[in-house]
Every structure is written in structure tokens, then in C-alpha cells.
Amino acid sequence: MNALSPGVPEGIWAAIDEMNGDPPVKAALVIGGGRTFVAGADIKEFGKMISGGPRSSLLPLLLHIEDSAKPVVMVIHGTAFGGGLELAMAGHYRVASPTAQVGQPEVKLGIIPGAGGTQPLPRLVGVAKAVEMCAEGKPVSACEAATLGLVDRLIKGDLLAGAVAFAREISGKPAPKTRERAEKLGTATENAVILAAARDAAGKKQRGMKAPLAAIDAVEAATRLPFEEGCQAEAKLFTECLFSDQSKALIHVFFGEREVAKIPDIPQKTPVIPVNRVAVVGSGTMGGGIAMVFANAGIPVLLKDVDEAALNLGMGKIRKNYASSVQRGRFSQAFVDERLQLIKPVLNYAAFSDVDMVVEAVFEGMALKKSVFADLDRACRRGTILASNTSTLSIDEIARATSRPEAVIGTHFFSPANVMRLLEIVRGKKSSKEVIATCMQLSKKLGKIGVLVGNCRGFVGNRMFGPYRREAQFLIEEGAEAEAVDQALVEFGNAMGPLATGDLAGLDVGWRIRKEYRHLEKPGVRQPFVEDRLCELGRYGQKTLKGWYRYDENRCASADPEVTALVRKWSADAGIPQRQISAAEIVDRCVYALVNEGARILEEVYALRAVDIDSIYLNGYGFPAYRGGPMWHADTVGLPKVYQRICEFQQQHGELWAPAPLLRRLAEAGKTFAEFDKERFSGGGL
């Protein structure tokens, strides 16, 4: 990816000096080899700096390039992100392939540009666009960059030949220094409006994050201070961000997304099964969304349901979802038309003999799923992957309904499947390595983060979600208001509170699952009951416009006094004392329930690493990325503190809060889950 690793800046510096010392040379071009210009700084270097290693800066190199006596043309293809764009802006001119992208995505790592990037950018594109690029981190196409003035010429065809021709045009002319430009910096009055709007937007869109606000401050410095002083202000803000818990967490997230793809007992060269045609059984909310996922990746899909009415309803929802995407500008109408052509509704299994993979997405009931898999076993050729979208049921039991358990695997998509990035890949006892490797690789093609998990009730995500929502309900039964519980966890950073999440998913879904597993509950151990009572009253959430909250025709929520009255009556009947509960206790009870169950899952090896759990919660459950995931968050708080708090909850609330043995051992040893990840493997697997 042509990162600016140690040695690269030094090489560029030497080349500039050599060029300036060679009289016949009139100009220089800087171009990247391979598929990109410069994708950014080497992120590993940030980790070294945080750990006390030497701090290096690109800024001297960038100033050296600008001070070149001969013009330097930056030639961009692929991407020029972060340090790559900072390098490009140091050139006197920039040319680019029309397919290139540029951007300052550092905010996604909890930091801001650190080599003066916030200072030249507003000088080239104006304050409003510079604030947007630095605070939101979104890339800009080369075509837009040319319109903005960030790129001087788009070159079609042979990029290097076109760049050389451009260099011949400008050779001998004055070389404009970016840092000396001021025509786009605007007035104080104009900028005040832009900056205020940007801060307001960051507070809403990037709630709780510090780096976007720091990026806005740095761009503001470019409008008020000389270039050198602006760079000093940026450097101070960069350092504050880099050493923050948020940056450490987001860098953990960045590397975690790469780590989860590594499966110790699945070699990288494991053969994979080509997946060129798939089928989805069930055209409901999940099945339709899964069909869209494959179609969006260019893979033809058969979509099956039991009758014409169900299929028509399912296809209608798919068309509605696509229409919404066109309206929001996410897809073009031409793209949508192509994707709809890839989805073929069917009423039987006749065409399933030609597919490479089937994803079952029917009602969450074991008897029905086993019946479907028995049908698939008869209909599909050998070599076809048979996947279940179950969220809680045993993959091994489902596999026993077939004559080929090695072909059976879980692919747990998250709702809405066409939007959510997470894909839990559930490994059965007999799932073959080829099937596992194929699904892990396929997840990337589908635009998902695939995380391999073991086969236990609820797998990883939903197994942990159970204690999380259990505590939320206990808090309600003990006196907290539903909106207070949700608000505390939203202020913590979660996308939604646990009760609002239940209403969105449908309270009846969890109710059905609890009834199916009721026989496994330990007698005498407290279980939450309020949500079951709400379901008995037909309050299923948004789908019935009544759940924990009341919803209007647009599904906007409002507190429901009826629920409060019912809960107080039911709690009184059950003899549960009522009390005032703080937001801090709400967060601790819910989040530490996640952590404690996550520690059990790690010890039982249903998750390979703590970072796998973090990736699941960040990408499937709306846990705040700037906290790094529940396990990283626990490390940040300190496992001794977390363990002590859990012990307090055990004394207050009983055996459901028994500390996980792994958590106890790590806390007593003064270690972290991150250290556990590093020490765990010398080979092996789930």
C-alpha cells in the first residue's frame, strides 16, 4: 500500500536533492509503484510513539519539497490518504488518474493530520471543504479534487506519460508554494459560520469523539495564524489526540479488523470453493436483505419462499429498500436495476442443483430449520455450502439433518443484512476447513467483516447480548425508567439503548427463543420477566407500535406511562424493592455483564481472541468504536477495577454475577485481555 514507512521519506529527500543538483533536469515527478500513490503513514509507527519510541515528523520533508528550486509534480493514482495527501500537497502541482481518491481519514483513528495537513488543505480547497475532509474523514474523488483545485489536471490513459507532458509544460515557470497561498482562506465572519456548523454536525454525527473537534480547531488555526504557527498548533492537537484513550482504541479497532481474518488452524493456502451462484431460502426481512448483499456483490441469487404471496411481499421490500438507497444517493438507479436482475424469485428447489451456496433464513425454530436442511440435502449437489442464518440455534444439530455435516456452517448476518458490516461465521464440529476458508474469504467480497465463532447457544454476539439485556430489564424491575436505562447507555456511546434495540428487532423474537430454551433455566435463579409480560399483551415493539415505548405512524418513539405503571405493579407483586438507580450503575451493570460473559466465551474458546469479540460488538451491536469494544474498554478501565465491581454485583444480586475465572486470573495477575490475545496462541484453534 506504499505506506510512508521508515526509509521512504529519507529516499524522497535524497531524490529531491539529487534532482536540484542536476542542471539539465527541469522538473521532477513523484509517482507510486504498484496500485497506489501513498495510502498513508505506517500506522504501526503511531503505536511505537505511544509506547515511548522516537517521534518522527514528515513536516521537514514536506517543507523541503516545497522549497525545491525546481517544480515537483505529484502524480496520483489509487489513493493519496493521510500522509499520502500531505505529501501530495507539498508538491508544486498535482495530477491524477480520474479513478484516484484523496482524503484525510486520520479522524477514523482518533487522530488528526500530523504533518501539517490541516494547514495547506484549506489553502487549496477552501475552509468549508477542508473542515469536512478532516473532521469526517471521507475520501474525495479525483474529479471532485480537480473541481476544488486540489488537483491541477486529470490525466486519462497513460498516467506517467501524461504527467511527463504536464511537467514539460510547467518547467521553467515559477513553482507556487502551497503554504504561501491565502486566497481561499476566507474572512473571519465567513469562517465563524462554517466552523460553528461543523462543530454542531460533529457533535451529532460523531457523538463523543474528540478527534473531529480537534481537526476543526486545527483548520481554524490555518485561518488565523501564519503557516508555521498553524503547524505548531496542529502538532499540539495531534499529540493530544494520539495519546488519548480514544486513539488507542481506534488503532486497536483498525488492526483488529485485520487480525480477525487470521484463523490459526486454517492455513492461508487452504483451497476455497468458488461461489458464483447462490440461493437464499426465506424472503422475509433477513432473507431479502441477504439476497441484496449477494446481488450487491454481483452474485446471482435464487430467492425461495413457500408461496407467491410471501415472495411478492419479500421482493416488494427489496425494491423498497433499493428505492430508499437511490433516494439517499447511496446507489444509482442503473446500479439498482442491474442488481434486481440478479435476484430471481422461485417457489421450489428445482434450480438449487446449480448453486454453489445456500443460505437458509427462515423462522428461528429448530424443527423448521432441520426440515429445510433435509430438503437442501436432497436438492443440492455435493460440494454446495449449506449455511444457516440462525442467531442462536445449534449448527451441529442442524447439520445432523443432512448427510454432509462437513458442508454445513453458520452465517449469522445482522439486521438489516444489507447494511450491517458484521458476519458471524459459526463453525460446527464437522465444518470443513475449505468451507470455513471460503466463507471467511467470501465475507470480504460481500463487504462484511467475517468473524469466526464457535457453536454455542447464541454464539458470541447474542450469548453476550443476553446478560446485557437481562441487566437492563432487572434495572427496570428495580425502579429505573426505560428511557433512563437507554439514555445512560446512549451517553456511554452506544448507538441505541438495549430496550429501544429490543423494540426495533421485535420483542417477540427473543420471547420465542426464551420459550424454546426455558427448560435449560436453573430453578431458583432470578430471571427477568417484564419483557415476556409485554409480549403477552401483544406489545412486540415497533412492528405493533407498542413495546417498551409507544410509536407513532413514522415509528418515532415516546415514553409510555402505561408501561411504567405495569412494571411498577408487576414488580410490587413480585416483591422487588424499588429504588433510585444512577446512570453510572446502569452502565456498569450492563457493560460489565458483557465483559464477564465475554471472558467466559474466551476461556471456553468460542471466540479466538478478545479482539474478535470487540469486532463483533463494534460492527454488529453499535458499541462505540472510540471505546474499542467491550473487552478493550475493560482493559482501559483496568481489569482489577472491573473484577472488583463484578464481585460487588455478585454480593448484591447473586450467582448470575459470579466472576468469570479468566477475568479473575487476569485481574489478579495485573494483565489485560490484549495481553491474553498475544499469549494465547502458538497454534491451535476453536
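Here the straight-line distance linking atom CG of Asn619 with atom CD of Glu424 works out to 11.5 Å at 0.5 Å rounding.
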Quick one: do Trp632 and Lys248 satisfy side chain to side chain contact (heavy atoms under 4.5 Å, CB included)? Show the steps, please.
CA-CA 10 Å; Trp632 181 269; Lys248 294 171 187 175; 4.2 Å; yes

Set out, in order, the CA-CA distance, both residues' side-chain angles and the distance that settles ring-ring contact (aromatic ring centres under 6.0 Å, His included) for Phe166 and Tyr93, then state yes or no.
CA-CA 10 Å; Phe166 177 86; Tyr93 300 94; 5.6 Å; yes

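Within a 6.0 Å sphere centred on NZ of Lys210, heavy atoms belonging to other residues, nucleotides or ligands number 12 at most. Within 6.0 Å of CD in Glu183 there are more than 12 heavy atoms belonging to other residues, nucleotides or ligands.
Of the listed residues (Arg181, Arg123, Lys177, Arg179), just one forms a salt bridge (charged side-chain N to carboxylate O under 4.0 Å, His left out) with Glu66, and that residue is Arg179.
Under a 4.0 Å N-O distance rule, the pair Arg589/Glu585 qualifies as a salt bridge. Salt bridge status for Glu144 with Lys129: present, with a side-chain N to carboxylate O gap under 4.0 Å.
Between the Asp614 side chain and the Met631 main chain, a donor and an acceptor come within less than 3.5 Å of each other.
In summary, the aromatic rings of Phe81 and Phe37 are positioned with their centroids too far apart to meet the 6.0 Å limit. Ring to ring, Tyr468 and Phe465 are close: their centroids are under 6.0 angstrom apart. Aromatic pair His633/Tyr626: ring centres not closer than 6.0 Å.
With hydrogens and angles left out, the side-chain atoms of Glu228 and Gln232 include no donor and acceptor closer than 3.5 Å. In summary, the side chains of Asn494 and Tyr617 do not present any donor paired with an acceptor at a separation below 3.5 Å, with no hydrogens or angles considered. Between the side chains of Thr118 and Glu234, at least one donor-acceptor pair of N or O atoms lies under 3.5 Å. Looking at Thr99 and Ser97, their side chains do bring a donor and an acceptor atom within 3.5 Å of each other.
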